[in-house]
Number of protein chains: 2
Amino acid sequence: MPDPTTDLLWGARPTATRGPRPTLTVADIAGAAIAVADADGLPAATMQRVAERLGVTKMALYRYVPGKDELVAVMIDTALGEAPEPCADGWRACLRRWTHAIYDRFTTHPWTTEATVGPRPIGPNELTWLERALVALADTPLAGSEALDTVATLAGHARAIAQQWAAATNPEAAIHRSFAQLVEGREDRFPALARALADPGGQGQALDFGLDRVLDGIELLVANRSSGR
Amino acid sequence: MPDPTTDLLWGARPTATRGPRPTLTVADIAGAAIAVADADGLPAATMQRVAERLGVTKMALYRYVPGKDELVAVMIDTALGEAPEPCADGWRACLRRWTHAIYDRFTTHPWTTEATVGPRPIGPNELTWLERALVALADTPLAGSEALDTVATLAGHARAIAQQWAAATNPEAAIHRSFAQLVEGREDRFPALARALADPGGQGQALDFGLDRVLDGIELLVANRSSGR
DNA sequence: AGGTATCTGTGTCCGTCGGAAACAGTTTAT
DNA sequence: ATAAACTGTTTCCGACGGACACAGATACCT
């Protein structure tokens, strides 16, 4: 049973011979939708606005894409783009670069952080990203499921931090301010939070901080496995 | 300038004296909406269905709630519930319990994982959760911003893992299978992934695995700070 | 008491969304 | 030349969030 979404993502489209030449491609539509989402957010990427941008009617898009969900799936895989090449600098450096790279994608297309939540059809690009991270862990003594969990943790962290960026132009400061505004006048109720927010340092270090902690933890596990057991 | 959402979440509602007795409360509405979302997902929690469940018209809800977004905000704060009491077993055990507790909330109300993405109005319950985690880190040499980043990492991890749960009744196996299905026949393209998926062990360990790695990493940092510099 | 301001719940209406269905025009295979 | 197949458009629908005007209920004020 061929899933239309899977076919679309994995390029199993039957090429037609008869009939008028299509004026669009799925890539065109995905590109237009991504442009709209980049500019005005994912909710603004309606079929209507995407069609307008391409100079066609809304319903014309349904000749190329089965529905909105499938379009979003293609958008995600396109926005993530090609995964970085395999690297040979040791697993830690590679995973660090990998996490920075996917963080870069998340921040370049802020809507991807909300679009990639929950179970959804996975495209070839996304699967290649996963593959590349697992390759980096291949020469460690980690079990397969542990490697998968590691990558999930890293990707989750990158997405979580990128989501804070998605707020305003000056992100971390903005989220800082909004919290501070809430705590103001309630310092007795949230003393630890008030104290933490009073710390001015470490702006913009959120990604690397968590990343280095996770990598330290992995390194510890790898070291333990390599020695005793 | 009073923000209606903030007022609603933080209980600054002006109590009316004249006019008919209200038949509902904001808590009633939030409860009904949560029940619908728990049963059929967040998209099913429309004003219509929530109103039906309460035996009133859709528009009656707008007497209590400014709009859908504000209702979702109240839903989130209600579903998260009261944060666990402060604990005195050392920061590591406390953070571990904290992460398990918030993971429990995420899985009890699966829609919260998608609802708590991105910047949004924060309620008192959610802020108390944050406060409690920071309290656990209060006696460590971590800076305020580092403590905040730590909590963000832990919460992000719990949410990421809970999202996989949200898929089916047998969650991790399901996501495993869907990946395996994609890799099938493409093992040459995704060799590391094929190998990792072949590992049968470690099902259902994703939360603790990542959690322990992060905590190990934090512990290392704490140790380094406490000794040398 | 009676009037009146105020609040509640309802009914009606609108714009926008994703999508179904029928249609006309265009191109290729027979 | 004719028929099949495909494209893009038009029209239509139900569901959604929400604005607005209304009728009924309640408590304050004189």
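Every heavy atom of this structure was used, including side-chain atoms; hydrogens, water molecules and symmetry mates were not.
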Distance alone, cut at 3.5 Å: any donor-acceptor contact between the side chains of B:Asn125 and B:Thr128? no

May I ask you to check if B:Arg105 and B:Tyr103 form a cation-pi contact, with NZ or CZ under 6.0 angstrom from the six-membered ring centre and within 45° of the axis? no

For the pair made of CD in B:Glu52 and C1' in D:dC16, what is the distance, rounded to whole Å? 13 Å

Taking atom P of C:dC14 as reference, at what distance in whole Å does atom NZ of B:Lys58 sit? 14 Å

Please give, in whole Å, the distance from D:dC16 C1' to B:Leu71 CG? 14 Å

Which residues share a side chain to side chain contact (heavy atoms under 4.5 Å, CB included) with B:Pro84, sequence neighbours left out: B:Trp98, B:Ala101, B:Trp129

Would you say A:Thr17 places a side-chain N or O within less than 4.0 Å of OP1 or OP2 belonging to D:dA5? no

Does B:Thr23 have a side-chain nitrogen or oxygen under 4.0 Å from the phosphate oxygens OP1 or OP2 of C:dG9? yes

So, is A:Tyr62 near the phosphate of C:dA21, with a side-chain N or O under 4.0 Å from OP1 or OP2? no

I want to confirm an ordering. Mapping B:Arg63 and B:Lys68 to their closest nucleotides on DNA chain D, which one lands closer to the 5' end? B:Lys68

Phosphate contact (C:dC17 OP1 or OP2) by A:Thr46 side-chain N/O below 4.0 Å: yes

Return whichever of B:Gln48 or B:Arg18 has its heavy-atom-nearest nucleotide of DNA chain D closer to the 5' end. B:Gln48

Relative to the 5' end of DNA chain C, which residue comes earlier, B:Leu61 or B:Pro20, by the nucleotide with the nearest heavy atom? B:Pro20

Going by atom types alone, do A:Thr116 and A:Arg159 pair a side-chain donor with an acceptor below 3.5 Å? yes

